[in-house]
Structures are given as C-alpha cells and as structure tokens.
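To start, the structure itself, in structure tokens.
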There are 2 protein chains.
Amino acid sequence: MTSIPPEQGEVRRPTIRDVAKHAGVSKSLVSLVLQGSDQVSPARRGAVLQAMEQIGYRPNAAARSLSARRTGTIGVLLSHLRNPWIVDLLDGLHPILHEHGLRMLFGDGRLNQRTDESLIQTFLEMRVDGLVLVGTIPISPAIAQIAGEVPTVIASSRDIDLPSVDTIAADDWRGAESATRHLIELGHTRIAHISGRGVVGAIRRQAYEETMRACGLEDDIAVEAGDGGEEGAYRAAVKLLSGGKRPTAIFASNDMSCIGALSAADDVGVRTPEELSLVGYDNTYLARLRHLWLTSVDPANEEVGRRAGRALLARIDDPLRQAHVDLVEPSLQVRGSTVPIPGASSPTT
Amino acid sequence: MTSIPPEQGEVRRPTIRDVAKHAGVSKSLVSLVLQGSDQVSPARRGAVLQAMEQIGYRPNAAARSLSARRTGTIGVLLSHLRNPWIVDLLDGLHPILHEHGLRMLFGDGRLNQRTDESLIQTFLEMRVDGLVLVGTIPISPAIAQIAGEVPTVIASSRDIDLPSVDTIAADDWRGAESATRHLIELGHTRIAHISGRGVVGAIRRQAYEETMRACGLEDDIAVEAGDGGEEGAYRAAVKLLSGGKRPTAIFASNDMSCIGALSAADDVGVRTPEELSLVGYDNTYLARLRHLWLTSVDPANEEVGRRAGRALLARIDDPLRQAHVDLVEPSLQVRGSTVPIPGASSPTT
DNA sequence: GTGAAAGCGCTAACAT
DNA sequence: ATGTTAGCGCTTTCAC
C-alpha cells in the first residue's frame with residue numbers, strides 16, 4: 001500500500017468503498033442506496049447520500065453495467081442528423097424510454113459511415129439494452145445478426161424486413177393518397193408528381209398513381225423524377241411546366257422538392273398558387289415558413305417515435321415476440337399553397 | 001460449475017476466455033491482439049482473430065474501460081439538435097477525434113433538460129475522456145465543477161468563462177461587421193438591423209452599430225428586436241418598413257429572421273431585392289434555397305468543429321494547460337438578396 | 001513471445 | 001435492515 005503520488009490531475013476517483021468508509025457503513029449498503037432500494041433506513045440513507053456529496057462521489061457506469069449486465073442505455077442510430085423530421089421522432093421516443101429508466105445515446109450513421117468503424121459495433125460493444133434504427137440506414141448484412149443479439153426496432157424506414165425486428169413508420173401510401181385526393185377535391189385534374197428516392201419515394205409515387213386512377217384521372221398521370229432535393233425538383237418542375245399540357249397542381253415527394261417546384265414556377269412565370277397549387281410532404285418547418293406556407297403531409301413523426309419506443313420496450317421484455325409492422329396514419333396540413341382550381345365546383349369536403 | 005440452462009434469448013456472450021480456449025492460447029494473448037499489439041506472432045494473431053470470428057466474440061466496452069480506466073469516448077452535448085449549423089460543426093469535429101481513436105457520443109441537451117436527469121451526469125458516469133459542449137447550454141453552476149473533472153471545451157458559445165475550459169467560436173463581431181460593410185459598399189446608408197437573442201445577438205448588434213458609426217452613418221442606425229425566429233423578425237420588419245424613413249437594407253441576426261423580414265417586405269409591398277436588400281447570418285441551407293438565395297454570413301462552423309477537436313485533444317494531453325478563446329473568422333456569402341442601391345456609385349470591391 | 005495473477009468498481013446472492 | 005462474498009470481462013504488471 002505504498003501511496004503513489006497522484007499524477008497531474010490524475011486523482012483517484014472515490015468509489016462506493018470510500019463512501020462506505022466515510023459514512024461508516026458497508027459497501028453493499030451504499031450500493032442499495034444507489035439503486036434507490038427501500039430496504040434502507042432513512043437515517044443511513046441520509047448518511048450515505050451526505051457522504052457521497054462530501055467526497056464528490058460519482059457512480060462508475062462501466063463497473064455498474066459490468067456487474068449488473070445491463071446498461072440502461074438504448075443506442076439510437078440516426079440515418080442523417082440533417083433530416084429535420086428526426087428530431088420530431090426523438091421527441092416522441094425520448095419520454096417513453098425515459099419513463100422506463102432508459103437513456104438514449106445517439107450515433108450519426110452518416111458520420112461514421114465515411115470511416116471504417118461502424119457505430120452499431122460501438123453500441124454493441126457498449127452492450128446497449130436496445131437499438132433503434134432511425135431512417136434509411138445503409139444495410140450491411142450484419143444487421144440481421146445484430147438484430148439477433150439485441151432487441152432492435154426500426155423507425156421511419158421500410159427497407160428492412162426481419163423476423164425479429166419491429167418496424168414503425170408513417171403510412172406513406174395513405175399520406176400520398178390524401179395529398180392527391182386533396183388536390184382532386186379542389187377541382188384539379190392535371191395533377192403532376194415529382195417523385196423522390198428510395199422505397200419511400202416509390203410508395204408515395206405509387207399511391208399518387210393509384211389514387212389518380214381510382215378517380216378516373218389515369219390519363220392525367222404525369223411523373224417526373226426528382227432527386228429528393230431542391231435541385232432535382234427544380235429541373236423536374238421546369239419540364240412539367242414547359243410541356244404542352246401544363247399541370248395545375250404538383251404533388252412533390254417532400255418539402256424540399258416542393259420548394260424546388262416553387263422556384264421553377266417563379267422562373268417560368270407561373271404564378272402560385274393562382275396558376276399552380278403545390279403540396280409537399282413531411283410538414284417540416286420549411287412548409288411552415290410564412291413566406292412559403294406550403295400545404296404538406298404531416299407524417300406524425302412524434303407518434304412514430306412513441307410507438308417505436310413502446311415496441312422496443314415490448315421486445316426487451318420478450319425478445320422472441322413476433323415482429324410487427326406498425327404504420328402510423330399521417331394527416332394533411334392544408335396551408336396557402338393549394339387553392340381550388342378557378343371555375344371548379346367547391347370542394348366536396 | 002453447474003451448467004445453468006440459458007434463459008430464453010439469454011445466451012452467455014463469449015469472452016476473451018472463450019476465444020483463448022478456442023484458439024488454444026492464453027487470455028492475455030487475446031487481449032494483446034485486441035489492442036493491436038505488434039508483440040504477437042502473425043500465426044497466433046490469425047488464430048485468435050479466426051476464433052473470434054467463429055464464436056462471434058464482441059469486446060465488452062464496460063469491462064475494457066473499467067480495467068483500462070479510459071473509454072476512448074468523447075461526450076458531445078448539443079444545445080439543440082434542431083440547429084442546422086450543429087451538423088456542420090460535427091462534420092469538422094468528428095474526423096479530428098476519429099484520427100485519434102476517439103468516438104463521439106451525442107446527447108441532446110434540450111431533451112434531457114425537460115426531465116430531471118442531466119445528460120452531463122450520464123457522460124460523467126460513463127467516464128468519457130472528454131466533453132464538448134456545443135452551443136448555448138443552460139449553465140448550471142455544476143459546470144465549473146465538471147470542467148475540473150474532465151477535459152472540456154465549448155464550441156459556438158460565448159457564455160461561459162472558466163480558467164480550465166477552452167472556447168472556440170465564430171467571430172460574430174467580424175461577421176456582423178462584414179455584413180454591414182457589404183451593404184455600405186453597395187451604396188446603402190439606411191441600413192436597419194433586426195437583432196437576435198443572447199450574447200451572440202448582442203455582439204452582432206454591437207458590431208452593426210459600431211460599423212455604422214465608423215462609416216459616419218450613426219444617424220441611420222435603426223434596430224428592432226427580433227426573437228431569433230421568423231415571427232419576431234416579421235413583426236420587427238413590418239415596423240421598420242412602415243416607419244417614416246424606410247430602410248433600403250436590413251441586416252438580420254440570422255437566416256430565419258431574414259426570411260421573416262422577407263415575408264414582411266412581401267406583405268407590405270416592398271420589392272426585394274430592388275427596393276430592399278437583405279443579409280442573413282449563419283448561411284444555413286435556407287439561405288441556399290434558390291427560391292430565397294440570401295446573402296448570408298458563413299460562420300465557418302466546420303472549422304469551429306475542427307479547432308474544438310484539436311483544443312480538446314490538447315487539453316486531454318495536458319489538463320492543466322491554460323484556457324484559450326479561439327475565434328474563427330467568418331466569411332460573407334454574397335447571393336441574390338443584396339444589390340447596389342439604385343443610382344449609387346459601383347461598389348468599391 | 002507467452003502465461004499467471006491481481007485487480008478495476010460495482011452488483012447480487014447469501015448470511016446474518 | 002445490514003454486512004460478506006464472489007464474481008462481471010478485461011487490462012496489466014510481472015515472471016517465465
């Protein structure tokens with residue numbers, strides 16, 4: 001027990017042992033207090049808490065989880081921190097997990113994707129109690145294996161289908177349908193679509209087309225491919241607006257695309273909304289800017305987050321339970337960018 | 001050593017012990033391989049790696065950090081995940097830390113602020129090797145103590161001043177100065193300012209006023225308080241534009257405010273940019289939308305992130321080193337929202 | 001190069 | 001209600 005002089009700043013941190021000594025109790029009593037057990041007399045509890053305070057004790061999560069074999073931590077892998085809807089989803093997810101004493105740790109899939117190391121690996125090495133994959137994550141074959149190791153749910157992505165992974169997502173089909181229907185109810189018939197990428201883009205497009213058909217507008221179906229961003233949508237809209245049969249309304253696959261279409265209309269000299277109604281998707285704060293004020297489909301991301309949280313809790317409880325796909329109903333947020341077509345009968349609803 | 005039947009899904013995970021047995025070597029040899037030591041013969045290393053692969057071994061971070069007394073993890077506390085510039089900063093921060101074998105773990109200050117538990121506590125309990133505080137974090141007195149426990153740097157906030165904490169931020173004074181100067185060089189004299197909140201808002205406002213004075217425009221100084229968002233700026237701009245001496249240019253404290261001013265101009269019937277030039281701040285993707293195309297000050301957030309990373313590494317290296325405040329030079333991104341005032345002499349630059 | 005042994009700080013039986 | 005004991009999985013001297 002030679003006392004080694006502490007290196008600069010390298011003070012040995014107090015442990016429960018020190019707390020116990022200081023409070024005049026045993027190690028395990030301290031441990032019980034730490035876990036909020038009610039098997040401890042108020043007097044001793046107070047003494048322990050005071051001792052902790054005095055010597056500046058802070059629990060060591062590594063030691064705790066090594067011993068307890070659980071971390072109380074959920075790994076949340078985000079596809080792309082820049083997606084504004086991700087925050088809405090987290091707003092729904094967090095309270096659910098917090099209620100159950102779980103904390104979230106985030107990783108940005110995009111950041112670590114560029115480098116060799118996978119964040120999922122990190123999470124697994126940390127032995128997180130659960131994993132939430134948010135958005136479209138580039139799927140390595142490893143993910144199937146991972147889902148076998150730790151309770152996993154996927155939120156806001158439809159790209160993965162595993163027997164042991166729950167999927168919670170907005171019902172894109174219904175959302176795109178309601179957007180299209182809204183325009184039809186306003187009297188529009190020449191309704192074009194600027195499509196987005198990935199599975200989500202495909203679903204929204206399909207819903208648009210089927211809804212058009214269901215309303216007898218199959219001859220008016222017009223789709224231009226966007227790139228999910230402003231630029232691609234701009235080019236797509238220019239094409240649509242300079243063609244022979246100009247649409248009176250455009251349903252864009254997301255808000256960014258909608259803004260691209262808006263710019264295109266400006267540049268081509270088509271007035272909005274008088275000559276062109278626009279509907280976006282995602283109901284991001286872009287759509288809420290009074291300068292834009294776009295009608296947009298709200299995917300109810302907060303609800304997606306809540307349900308993802310509940311699904312994860314259920315799966316932690318019973319890892320072998322059957323996988324579910326849970327689609328949340330979106331709602332249409334009507335704003336200034338959509339108006340009845342001039343001379344049309346007033347909308348049904 | 002009674003073999004306990006595994007509960008459902010509760011398979012005991014393989015440890016280095018199992019790897020060692022499988023590979024026919026000792027525990028510590030496995031440990032060396034794990035750490036990439038070059039003291040291991042290629043043959044044995046191969047055998048160990050193969051064994052790991054075969055039995056599906058995954059290191060246990062808790063055990064490792066308990067033993068090694070370091071986690072290789074940096075806690076990054078974000079003021080608000082919704083701030084778009086945060087991602088730019090992380091883009092700069094991440095590679096620096098990664099180069100040095102450190103990974104980042106994020107926390108959203110806002111999420112956990114609503115609840116009782118502090119995320120900083122969590123990071124401290126995890127024994128992160130360092131802490132990066134990004135943006136304006138609601139400062140508890142605890143933060144001073146925390147900075148004493150773990151190397152800490154603050155990025156993009158000027159609100160904290162501690163002897164042991166480095167601050168890296170954009171030079172808001174210079175940024176606001178260059179915005180104001182840009183308008184003056186375009187021939188504008190009646191330049192108004194919509195101010196923002198917090199220390200940052202105050203600095204930008206001050207720089208605006210001093211620059212106006214320095215150019216002999218003290219009589220044209222006009223400031224309306226915004227709220228950092230679109231709404232407040234809208235109201236502020238309406239006031240400015242309906243007053244007697246209408247400004248020909250507005251410098252807004254951030255891009256959102258700038259858009260608020262843009263809407264106000266629209267509604268009041270003032271054409272932009274012909275009758276009103278606008279400058280924003282932050283150069284977010286809002287400013288880059290071709291529909292808006294705002295001149296905006298770019299705070300060089302990626303560079304802030306890089307320098308924050310370097311500062312943290314230096315402080316981890318030498319916890320007692322003196323605290324520095326490092327201001328990064330912003331640059332003005334000129335776009336379509338600013339034009340020379342009609343009849344003015346062509347700009348100097 | 002390789003292996004044995006001693007903890008890191010905590011939890012969780014089990015005894016009192 | 002409180003103390004005792006045996007690990008959790010890994011790193012790290014220190015011998016060989």
Side-chain angles (χ1 to χ4, degrees), chain A residues 1-2 4 10-48 51-52 55-73 101 124-127 129, chain B residues 1-2 4 6-7 10-48 51-52 55-73 101 124-127 129:
Chain A
M1 283 287 173
T2 338
I4 300 159
E10 276 290 345
V11 238
R12 202 182 65 74
R13 295 169 145 295
T15 74
I16 44 169
R17 218 181 212 95
D18 301 312
V19 176
K21 201 171 298 170
H22 200 86
V25 299
S26 82
K27 253 179 39 171
S28 34
L29 201 265
V30 176
S31 177
L32 286 177
V33 171
L34 228 42
Q35 296 164 74
S37 161
D38 52 355
Q39 303 293 80
V40 184
S41 68
R44 301 218 162 203
R45 152 173 277 111
V48 168
M52 286 178 174
I55 65 179
Y57 168 79
R58 206 182 293 286
N60 182 322
R64 186 207 299 274
S65 56
L66 184 57
S67 181
R69 313 158 120 250
R70 36 169 267 103
T71 54
T73 300
L124 289 177
E125 292 184 10
M126 301 184 92
R127 300 293 192 267
D129 296 341
Chain B
M1 285 289 172
T2 339
I4 300 158
E7 297 178 48
E10 277 290 346
V11 237
R12 204 181 64 73
R13 295 170 144 295
T15 74
I16 45 168
R17 217 181 213 93
D18 301 311
V19 176
K21 201 171 297 170
H22 201 87
V25 298
S26 81
K27 251 179 38 169
S28 33
L29 199 264
V30 177
S31 178
L32 286 177
V33 171
L34 229 41
Q35 297 164 72
S37 162
D38 52 355
Q39 302 292 82
V40 184
S41 67
R44 300 214 163 207
R45 150 173 278 110
V48 169
M52 286 178 174
I55 66 179
Y57 168 79
R58 206 181 294 285
N60 181 322
R64 185 207 299 274
S65 57
L66 184 57
S67 181
R69 312 158 119 252
R70 34 169 268 105
T71 55
T73 300
L124 256 33
E125 292 183 9
M126 299 185 93
R127 300 292 192 270
D129 295 340

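In what follows, chains are A, B, ... by sequence order, proteins preceding strands, each numbered from 1.
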Those residues that, when tested against [X], pass side-chain hydrogen bond (donor to acceptor under 3.5 Å, both in side chains) (two or more places apart):
| X | answer |
| --- | --- |
| B:T15 | none |
| A:S67 | none |
| B:S28 | B:S26 |
| A:Q35 | A:S31 |

To the nearest 10°, let me know how far the axis at one end of the helix from C:dG1-D:dC16 to C:dT16-D:dA1 is tilted from the axis at the other, five pairs an end. 30°
Of all residues at least two apart in sequence or in a different chain, which pass the side chain to side chain contact (heavy atoms under 4.5 Å, CB included) check with A:A47? none
Residues that B:A62 engages under side chain to side chain contact (heavy atoms under 4.5 Å, CB included), provided they are two or more places apart: A:A62, A:S65, A:L66, B:N60
Tell me every residue that passes salt bridge (Lys or Arg N to Asp or Glu O under 4.0 Å) with B:R70, counting only those two or more places apart in sequence or in another chain. B:D129
5' to 3' contact window, DNA chain D with chain B (heavy-atom distance under 4.0 Å): D:dG9 to D:dT12
Salt bridge (charged side-chain N to carboxylate O under 4.0 Å, His left out) pairs touching residues 58-68 of chain B, sequence neighbours excluded, are A:E149-B:R58
Scan for salt bridge (charged side-chain N to carboxylate O under 4.0 Å, His left out) pairs involving residues 15-36 of chain A, sequence neighbours excluded, and state none if there are none. A:R12-A:D18
What is the per-nucleotide protein-contact pattern of nucleotides 6-16 of chain C, from the 5' end, where B denotes a base atom under 4.0 Å from a protein heavy atom, S denotes such proximity for sugar-phosphate atoms only, and - denotes neither? BBBBBBB----
Donor-acceptor pair, B:R45 side chain versus B:D38 backbone, under 3.5 Å? no
